[in-house]
> 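Sharing a structure here in structure tokens format.
Counting starts at 1 for both ligands and their atoms, in listed order. Please read these numbers as outputs of a predicted model, since none were measured by experiment.
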Amino acid sequence: MMKKQFLLLLLVVTFVGASAQKFENLAKTPPMGWNSWNKFACNVSEKLIMQMADEMVSSGMQDAGYEYVVIDDCWQVDRDANGEIVVDKDRFPNGIKYLADYIHSKGLKFGIYSCAGTKTCAGRPGGRGHEYQDARTYARWGVDYLKYDWCNTTTQDSRASYSTMRDGLFAAGRPIVFSLCEWGNSKPWEWAKEVGHLWRSTGDIVDRWDAMIDILDKERDLAKYAGPGYWNDPDMLEVGNGGMTTEEYKTHFSLWCMLAAPLMAGNDLGNMSSETAEILKNDEIIALDQDTLGKQGFCYRDNGDYEIWIKKLAGKEKAACLLNRGDEEKLVQVDFNVLLKANDNYWSSDPYKLIDYKTRDLWKHKEVNTEKSTVWVKLAPHSVKVYRFIKKS
Ligand code: GLA
């Protein structure tokens with residue numbers, strides 16, 4: 001009898017233990033892709049998403065590392081008598097699997113959106129009470145990435161709700177990157193590492209300089225919570241959407257890469273200026289984001305409108321980003337020796353020597369002469385300079 005009880009207990013523990021986990025070995029570097037929301041909002045369709053997948057390839061975005069094509073809100077209209085989610089047939093006449101297959105045929109991955117509440121933020125049917133059913137549907141369709149929002153959740157507990165969806169996804173058996181979108185309300189950085197691969201840490205980005213910088217400020221204390229497979233998400237990119245200057249978009253993109261943020265382009269890929277393409281495809285800046293050490297950058301010096309951000313990189317390398325937040329041009333004195341040694345522990349510094357490194361300017365794509373370690377640097381308003389210290393072999 002005792003033995004039987006023990007076996008039963010073991011079975012229960014094994015079952016619960018096995019289901020209560022996220023898919024490991026996904027998003028080891030921050031996910032990169034494109035999402036429909038920032039530019040197209042509810043105006044999504046099969047035609048648009050297929051076109052964006054085509055553009056992702058022809059524009060060279062895929063070669064630059066962008067991988068996921070994600071449909072955000074508004075692809076869904078109802079639930080049928082069995083509780084199955086119903087796709088908008090007018091906009092997606094061939095269904096979602098057809099679209100996923102098309103995206104996969106291009107060597108890209110496919111992402112979709114739903115919400116932990118009864119309705120999505122745009123008022124479409126949410127996932128509440130249908131988590132396992134929806135997860136099985138997503139697996140059947142070939143979904144690789146799920147963004148899960150937080151509207152219409154009333155008194156739901158976020159950790160419990162997101163854990164239910166995580167378990168649903170795991171039970172459905174298809175490895176899916178799980179992107180939590182509860183805007184930092186319940187400090188997901190403190191608990192979501194076990195639940196998803198990325199979590200929004202702020203409210204929605206707006207395509208304006210002050211809104212973007214406001215998000216940066218909110219990321220400042222979160223560096224220690226991120227790492228390979230679990231990222232803070234300061235929201236998707238606005239680069240190319242028109243609300244900021246080219247200089248400001250360079251800054252936006254550089255900062256997101258310093259933060260090891262997921263890089264979800266949010267612009268019309270079919271109508272991309274050369275400046276936008278140059279920003280989104282800057283491989284040297286992207287390499288900071290995708291660095292395998294997976295460290296989020298930290299604010300090393302805060303001199304009001306002038307900040308220095310540092311990101312530790314694999315192989316004892318480092319990136320430094322000088323940020324002029326102000327509306328005036330600034331002339332700043334930079335000591336590369338100090339930047340190379342910069343540490344997130346105020347009292348210590350890394351024992352690196354400038355002579356062992358090449359210093360690159362990652363927007364000029366040029367090596368910087370550091371024979372004199374201290375130089376004066378001019379920073380235009382709202383601009384950055386990004387340097388990488390590369391170990392000489
Ligand atoms: C919320 C999210 C956005 C977007 C919309 C869709 O606002 O934070 O990123 O997904 O919902 O309705």
> Between the side chain of D73 and the main-chain N/O of A122, is any donor-acceptor distance below 3.5 Å?
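A pair under 3.5 Å: yes.
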> Within a reach of under 6.0 Å around CG of L331, are more than 12 heavy atoms found that belong to other residues, nucleotides or ligands?
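Counting neighbours around CG of L331, more than 12 heavy atoms of other residues, nucleotides or ligands fall under 6.0 Å, so yes.
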> Just need the protein heavy atom nearest to atom 11 (O) of ligand 1, so name the residue and atom and give the distance.
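Looking only at protein heavy atoms, the one closest to atom 11 (O) of ligand 1 is D149 OD2, 2.7 Å.
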> For R200, counting its heavy atoms only, list the atoms of ligand 1 lying under 4.0 Å from any of them.
8 (O), 9 (O)
> When you measure from atom 9 (O) of ligand 1 to every protein heavy atom, which one gives the shortest distance, and what is it?
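The closest heavy atom on the protein side is K147 NZ, 2.8 Å.
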> Would you kindly specify which portion of A41 sits under 4.0 Å from ligand 1, judged on non-hydrogen atoms: side chain, backbone, both or neither?
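Neither; no heavy atom under 4.0 Å.
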> Output the list of atoms in ligand 1 that are nearer than 4.0 Å to some heavy atom of C181, sorted by atom number.
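Per the distance check, 2 (C), 8 (O).
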> Going by salt bridge (Lys or Arg N to Asp or Glu O under 4.0 Å), name the residues that satisfy it together with D233, two or more places apart in sequence or in a different chain.
none
> Mind checking whether W209 and H382 have ring centres under 6.0 Å apart?
yes
> Is the closest heavy-atom distance from D204 to ligand 1 below 4.0 Å?
yes
> Can you confirm if the aromatic rings of W75 and W141 lie within a centre distance of less than 6.0 Å?
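Ring centres of W75 and W141 closer than 6.0 Å.
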> Report all side-chain donor-acceptor pairs from residues 51-62 shorter than 3.5 Å, counting only partners two or more places apart or in another chain.
from	atom 1	to	atom 2	distance (Å)
D54	OD1	Y102	OH	2.5
D54	OD1	K106	NZ	2.8
D54	OD2	Y102	OH	3.3
S58	OG	D54	O	3.3
S59	OG	E55	O	2.5
S59	OG	M61	N	3.4
Q62	NE2	K106	O	2.9
Q62	NE2	G107	O	3.4

> Quick one: which ligand 1 atoms are inside 4.0 Å of a heavy atom on Y113?
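Listed by number with element: 6 (C), 10 (O), 11 (O), 12 (O).
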> What do you reckon, does W183 put a non-hydrogen atom under 4.0 Å from ligand 1?
yes
> Quick check against the 3.5 Å criterion: does T276 have a side-chain atom that pairs as donor or acceptor with the backbone of M272?
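No.
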> Please state whether the sulfur gamma atoms of C151 and C121 sit closer than 2.5 Å to each other.
yes
> For D72 and ligand 1, does the shortest N/O to N/O distance drop below 3.5 Å?
yes
> Can you list the atoms of ligand 1 that are under 4.0 Å from a heavy atom of A122?
12 (O)
> Which protein non-hydrogen atom lies closest to atom 12 (O) of ligand 1, naming both residue and atom, and how far is it?
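The closest heavy atom on the protein side is D73 OD2, 2.8 Å.
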